[in-house]
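What follows is a single structure, written as structure tokens, with notes after it.
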Amino acid sequence: MTGQSFGQPLAQISVEELAQRLSKAEPDLQLLDVREPQEVAIASIEGFVNFPLSEFAGWANEIHTCLNPHAETLVICHHGIRSAQMCQWLMAQGFTNVKNIAGGIDAYSTLVDPSIPVY
């Protein structure tokens with residue numbers, strides 16, 4: 001696979017599947033948003049915790065105290081590129097159930113919830 005720096009296939013879910021999962025309010029689901037704080041201020045989905053990739057050095061060493069490496073972890077960004085990078089990094093850190101949200105919040109606002117602003 002191209003772009004797979006760690007040699008593991010990257011699992012993805014669609015924004016439609018994300019909406020279904022969010023509607024069930026699954027208690028063990030970890031939701032990460034790797035966009036910049038100013039992007040989150042424009043458009044966000046309730047329940048996601050912000051870990052901006054640009055501030056990686058500030059939170060990288062604390063990721064195991066903040067998150068359960070064995071819980072299902074869904075990662076979102078604007079279009080799906082930064083979240084894919086985060087997923088690869090999490091898998092390299094020993095996270096066992098990581099999924100990239102295909103299309104990011106842009107696709108979510110277009111296909112699922114038009115009340116979320118597009119930027």
Quick check for you: to the nearest 0.5 Å, what is the distance between [X] atom [atom1] and [Y] atom [atom2]?
X: Q12; Y: S83; atom1: CD; atom2: OG; answer: 8.0 Å
X: I81; Y: M86; atom1: CD1; atom2: CE; answer: 15.5 Å
X: L90; Y: T96; atom1: CG; atom2: OG1; answer: 10.5 Å
X: E36; Y: L53; atom1: CD; atom2: CG; answer: 7.5 Å

**Study point:** Listed once per pair and sorted, the salt bridge (charged side-chain N to carboxylate O under 4.0 Å, His left out) pairs that draw on residues 53-67, sequence neighbours left out
**Key:** none

Revision key, fill the gap. Salt bridge (charged side-chain N to carboxylate O under 4.0 Å, His left out) pairs touching residues 80-104, sequence neighbours excluded, are E39-R82, E72-K99

Review point. In terms of hydrophobic clusters joined by side-chain contacts under 4.5 Å, are V34 and V49 together?
Key: yes

Exercise for review: Please name the pair of heavy atoms, one in H70 and one in N97, separated by the smallest distance, quoted to 0.1 Å.
Suggested key: O-CB, 4.4 Å

Point to revise | Heavy-atom closest pair, residues A107 and A102 | key: CB-O, 4.2 Å

Review point. Side chains of F95 and C87: closer than 4.5 Å at any heavy-atom pair?
Key: no

Exercise for review: State, with a plain yes or no, whether a side-chain heavy atom of Q93 is found less than 4.5 Å away from one of P69.
Suggested key: no

Exercise for review: Please name all residues satisfying side chain to side chain donor-acceptor pair (under 3.5 Å) with S115, sequence neighbours left out, ordered by chain then number.
Suggested key: D113

Point to revise | All side chain to side chain donor-acceptor pair (under 3.5 Å) counterparts of S109, not counting sequence neighbours | key: none

**Study point:** ring-ring contact (aromatic ring centres under 6.0 Å, His included) partner of F51, the single match among W89, F56, W59
**Key:** W59

Exercise for review: Any chance you could pull the hydrophobic cluster mates of I116, using side-chain heavy atoms under 4.5 angstrom and chaining through other members?
Suggested key: I13, V15, L18, L22, L29, L31, I42, I45, F48, L74, I76, I101, I105, Y108, L111, V112, Y119

**Study point:** Any residue meeting salt bridge (charged side-chain N to carboxylate O under 4.0 Å, His left out) with E26, in chain and number order, not counting sequence neighbours
**Key:** R21

Review point. Is the backbone N or O of V118 less than 3.5 Å from a side-chain atom of D106, with the two atoms forming a donor-acceptor pair by type?
Key: no

